[in-house]
Amino acid sequence: MRVLIQRAKNAAVTIDGTVKGQISHGLVILLGVCEGDTVQDADYLADKCVGLRIFTDENDKMNRSCADVGGELLIVSQFTLYGDCRKGKRPSFVRAARPETAIPLYEHFIERCRASGLPVATGTFGADMQVSLTNDGPVTIWMDTAEMRPQ
């Protein structure tokens, strides 16, 4: 499971001209699910995202989590995080999980984040979405559970 996290001053996801979800301050989390990912991967990554200390404190050090600053989460599914560009010029997405696997894990990830008490807005799995945000910093973090597992 992969996430691309962006610290945002504001963000919104729009589908067919209608705002589906928006936040005023917090994290935009683009989430990709891979074949073989598990509920444990979703739990681990959700907890990591919620507790990630990438907001600045009074000394301008990244030392506060989204909860510490009263932030919100905007979670958007994005299978293209598993685009493999090693061969040719068109990415291959064969490692991305099929919807019957990805949707339950995406929904579980969202519920795990909501259980933290943070306000959570979302896109719609599989929809053609437009995501807009003002990246704060800019701060952008990449995490992949395959790289975080003990060797």
Side-chain angles (χ1 to χ4, degrees), residues 1-13 20-57 59-87 91-127 129-151:
M1 191 168 282
R2 290 180 175 163
V3 291
L4 181 75
I5 301 167
Q6 296 185 13
R7 189 176 75 185
K9 289 187 180 255
N10 56 66
V13 60
K20 165 70 168 89
Q22 64 184 358
I23 61 171
S24 59
H25 173 68
L27 300 176
V28 175
I29 301 173
L30 305 177
L31 175 70
V33 180
C34 176
E35 288 298 333
D37 283 340
T38 65
V39 168
Q40 291 78 19
D41 290 321
D43 288 345
Y44 175 81
L45 210 48
D47 293 346
K48 196 77 160 164
C49 290
V50 166
L52 200 60
R53 296 181 346 192
I54 59 172
F55 292 88
T56 56
D57 63 14
N59 297 315
D60 206 30
K61 300 288 184 198
M62 282 194 215
N63 205 25
R64 291 188 173 150
S65 70
C66 196
D68 294 335
V69 299
E72 304 165 287
L73 304 177
L74 176 61
I75 302 170
V76 179
S77 63
Q78 189 162 359
F79 77 93
T80 60
L81 290 176
Y82 279 98
D84 183 350
C85 299
R86 291 178 291 181
K87 294 182 182 177
S92 168
F93 300 104
V94 297
R95 290 195 56 222
R98 304 279 313 145
E100 55 272 13
T101 300
I103 291 171
L105 288 172
Y106 167 71
E107 291 173 349
H108 182 83
F109 180 90
I110 290 167
E111 290 311 311
R112 182 71 175 224
C113 289
R114 283 191 173 128
S116 75
L118 290 175
V120 175
T122 68
T124 299
F125 189 96
M129 298 174 274
Q130 290 70 52
V131 180
S132 61
L133 74 138
T134 302
N135 190 318
D136 182 16
V139 174
T140 303
I141 305 289
W142 168 271
M143 288 189 284
D144 186 325
T145 55
E147 296 172 0
M148 301 171 96
R149 292 183 185 116
Q151 298 297 322

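Residue L52 holds its CG atom at 10.5 Å from CZ of R7, rounded to the nearest 0.5 Å. For the atom pair CE of M1 and SG of C34, the computed distance is 9.5 Å after rounding to the nearest 0.5 Å. Here the CE atom belonging to M143 is positioned 7.0 Å from the NZ atom belonging to K48, to the nearest 0.5 angstrom. Note that CE of M148 is 4.0 Å distant from OH of Y44, once rounded to the nearest 0.5 Å.
Under the salt bridge (charged side-chain N to carboxylate O under 4.0 Å, His left out) criterion, the residue pairs touching residues 59-77 are E58-R64, with sequence neighbours excluded. Within the structure, every pair that satisfies the salt bridge (charged side-chain N to carboxylate O under 4.0 Å, His left out) test and touches residues 112-124, not counting sequence neighbours, is listed here: D43-R112, D47-R112, E111-R114.
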Donor-acceptor list for residues 94-107 side chains, cut-off 3.5 Å, not counting sequence neighbours:
none

Distance-only criterion, 3.5 Å: show the donor-acceptor pairs between side-chain atoms of residues 73-81 and protein atoms not counting sequence neighbours.
| residue | atom | partner | partner atom | Å |
| --- | --- | --- | --- | --- |
| Q78 | NE2 | T80 | OG1 | 3.0 |

Pairs of donor and acceptor atoms involving the side chains of residues 115-124, under 3.5 Å and at least two apart or interchain, shall be tabulated with distances.
| residue | atom | partner | partner atom | Å |
| --- | --- | --- | --- | --- |
| S116 | OG | C113 | O | 2.5 |
| S116 | OG | L118 | N | 3.3 |

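No donor-acceptor pair closer than 3.5 Å links the side chain of D41 to the backbone N or O of L45. Under a 3.5 Å cut-off, the side chain of S65 and the backbone N or O of R53 do not form any donor-acceptor pair.
Looking at Y82 and R2, their side chains come closer than 4.5 Å, going by heavy atoms from C-beta outward. Side-chain contact between M62 and V139 is present, with at least one heavy-atom pair separated by less than 4.5 Å.
By the salt bridge (charged side-chain N to carboxylate O under 4.0 Å, His left out) test, D57 is found to be paired with no residue, residues two or more places apart in sequence or in another chain being considered. For Q40, the side chain to side chain donor-acceptor pair (under 3.5 Å) test picks out T38, with sequence neighbours left out.
Judged purely by distance below 3.5 Å, without hydrogens or angles, the side chains of D84 and S92 never pair a donor atom with an acceptor atom. Looking only at atom types and distance, the side chain of N63 has no donor-acceptor partner in the side chain of T56 under 3.5 Å away.
Between I5 and the choices I54, L30, L31, the side chain to side chain contact (heavy atoms under 4.5 Å, CB included) rule is met once, by I54.
In plain terms, the two heavy atoms of A11 and V28 that are nearest each other are CB-CG2, 3.3 Å.
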(request) Might you work through the side chain to side chain contact (heavy atoms under 4.5 Å, CB included) test for F109 and I29, ending with a clear yes or no? (result) CA-CA 11 Å; F109 180 90; I29 301 173; 4.1 Å; yes

